[in-house]
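Position 1 is the first residue of the sequence, and the numbers go up from there. As the structure is a prediction and not an experimental result, all values here were calculated from the model. Counting starts at 1 for both ligands and their atoms, following the listed order.
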Amino acid sequence: MNLAQLLARQARVAPDRPTVFDGLRPWASHAQWAARSAGIAQRLREAGLAPGDRVVLFMRNHPRYLELLWGAWWAGLVAVPVNAKLHPAEVEWIIGDAQARWAFVTRDVAPGLLRGLERQVDAESAEAGSLLSPVTDWRQVPIAERGPDDLAWLFYTSGTTGRPKGVMLTHRNLTTMGLTYFVDVDEVTADDAIVYAAPMSHGCGLYAIPHLMAGARHVVPASGGVDPAELFALGRELAPLSTFAAPTIVRRLVDHAEAAGLGPDDAARSFKTVVYGGAPMYLADIRRALQVMGPRFVQIYGQGETPMVATALSRHHIADATHPRHLERLGSVGVAQTPVQVRVADEQGRDLPAGEIGEVLVRGDTVMAGYWRNPGATAAAVRDGWLWTGDVGSLDADGFLTLKDRSKDLLISGGSNIYPREVEEVLLTAPGVAEVAVVGAPDPEWGEVVVAFVVARPGPSPSEAALDAHCLERIARFKRPKRYVFVDALPKNHYGKVLKTELRERARAGT
Ligand code: AMP
């Protein structure tokens, strides 16, 4: 089992159609992609890299990223994709931890040499041109034999707290993840196209696997990132287009559609499916998204440790407004995906009844093999095959999981548990509020008090008194923020997740 076989298979059955696109420009067919990846594999092998060795990909989104990723797999190597926005010092830490031998970079993200490598290749240079030139017949370059439990991807966690850990993902993990997409997320045919707007080094790049399995097209936007106008335009030309979008990106797509006067029919001309996940999607946001862009959303919940696969909320469940519990479902992350079991447990790992809140546990073939060179962290995270996600939530009687927060984000005020997300959901429905994040700040009387950081919409700012009245009408008194801090923007990491640790520090400093 080697993920490189997915490429060889398509190069045999569908060799010639343009498959990879650089913006609107055709970049490679399956056969060209295979010839380039096989060429890369051959030269990496000749340079002495052996199956299991690690190769870093530190690149902005680029069509060549796909060729290098599959080239590494073709040679049996382990890819270590690194977010293009990381500081070189952070990348050097990862290189050291992963004991990576080579790195492929784009010059914009790594203008200098990174320490700790045997070799660094600028993926766009003339030197790379010879390294990456295609072989005449990819069939002549054998794909390295890999077992299902061999590593394919070392996935460094986004590290919102502490040092990132290397999540070990195997060929089996990623193959199962790819196949699951067709059952739990979306049907894909060779006519479809996936556009990589979020960083390919993270979850977004993994969408290449199911789309290659289905022989679909792969589109890297010319901007290399998230430009809603560009994405709508690409969709009009290359439809049917799908994309993965964190909730902040969904919000930008919807803002753009609204500002440009685009409605659900226009959205349908550009997008077949928008898969969202990676961070909480607030009820107010998804309802607005459905109104503006129509029923083209599917939600996934997963984490680096079980990529893309824990639960999914299907297009049908999202759009089924006639269901009596539609709003509850819309606020949930859906039901367990097909290859995994999901349960909610107390601290001893005992199942909790429906409706009770505990930690979310996941078991199945997508769960990581462990953390790289970190048996202590592995033993804490995976017990008897169950992954302890660190997420807190509850299951309903139908198996829909609703996430509350990360366990570390929970706050306790006057002895009562408060889930920041619940307060955020309410504040987001208040007039004039664009974004909000709630954290706890230490308080001598209550232990902790609720502090809300609010980004206002353009126009008159909502007053504290108005927000307080809004909360009083909707949630228990003790959950109301004791303090509001109005900010221009929320601090976020490279994947659009709000940095609650930073906000907690700010809230503490203001106490
Ligand atoms: P990462 O490993 O960086 O992908 O982060 C995974 C974490 O993001 C999960 O453990 C959750 O806390 C959060 N997350 C992922 N998907 C969702 C979702 N659909 N809704 C809410 N939070 C999510």
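- Applying the salt bridge (Lys or Arg N to Asp or Glu O under 4.0 Å) criterion to R383, with sequence neighbours excluded, gives no partner residue.
- Residue nearest to atom 17 (C) of ligand 1, selected from G278, S332, G304: G278 (by heavy-atom distance).
- Counting non-hydrogen atoms of neighbouring residues, nucleotides and ligands closer than 6.0 angstrom, the CD atom of E187 reaches no more than 12 such neighbours.
- Ligand 1 does not have T157 within reach: every non-hydrogen atom of the residue lies 4.0 Å or more from it.
- Heavy-atom distances between A279 and ligand 1 reach below 4.0 Å in at least one pair.
- Between atom 21 (C) of ligand 1 and the options P247, G203, P280, the minimum heavy-atom separation is to P280.
- Looking only at distances, a side-chain donor or acceptor of H323 sits under 3.5 Å from a matching main-chain atom of R325.
- For R287, the CZ atom counts as loosely surrounded, since its 6.0 Å shell holds 12 or fewer non-hydrogen atoms of other residues, nucleotides or ligands.
- Residue H202 approaches ligand 1 through these ligand atoms, each under 4.0 Å from one of its heavy atoms: 3 (O), 4 (O).
- Considering backbone and side-chain N/O of D391, one or more are found under 3.5 Å from N/O of ligand 1.
- Under a 3.5 Å cut-off, the side chain of R483 and the backbone N or O of V449 do not form any donor-acceptor pair.
- Counting the atoms of ligand 1 from 1 in the order shown, those under 4.0 Å from a heavy atom of Q303 are 2 (O), 4 (O), 6 (C), 9 (C), 10 (O).
- Of the polar atoms of R421, none of the N or O atoms is found under 3.5 Å from an N or O of ligand 1, judged by distance alone.
- Every N/O-N/O distance between T389 and ligand 1 stays at or above 3.5 Å.
- The pair D53-R101 meets the salt-bridge criterion, since a charged nitrogen lies less than 4.0 angstrom from a carboxylate oxygen.
- Using a cut-off of 4.0 Å between Lys/Arg side-chain N and Asp/Glu carboxylate O, R363 and D384 are scored as not salt-bridged.
- Listed by number with element, the atoms of ligand 1 under 4.0 Å from a non-hydrogen atom of Q299 are 18 (C), 19 (N), 20 (N).
- Here's the thing with I300: one of its N/O atoms is less than 3.5 angstrom from an N/O atom of ligand 1.
- Using a cutoff of 4.0 Å between basic side-chain nitrogens and carboxylate oxygens, D186 and R296 are not scored as salt-bridged.
- By the side-chain contact (heavy atoms from CB on, under 4.5 Å) test, D365 pairs with R172, T176, sequence neighbours left out.
- Taking every non-hydrogen atom of G302 and a distance limit under 4.0 Å, the qualifying atoms of ligand 1 come out as 6 (C), 9 (C), 15 (C), 16 (N).
- Contact atoms of ligand 1 toward V333: 18 (C), 19 (N), 20 (N) (distance under 4.0 Å to a heavy atom of the residue).
- Looking at M281 against ligand 1, nothing comes within 4.0 Å, counting heavy atoms.
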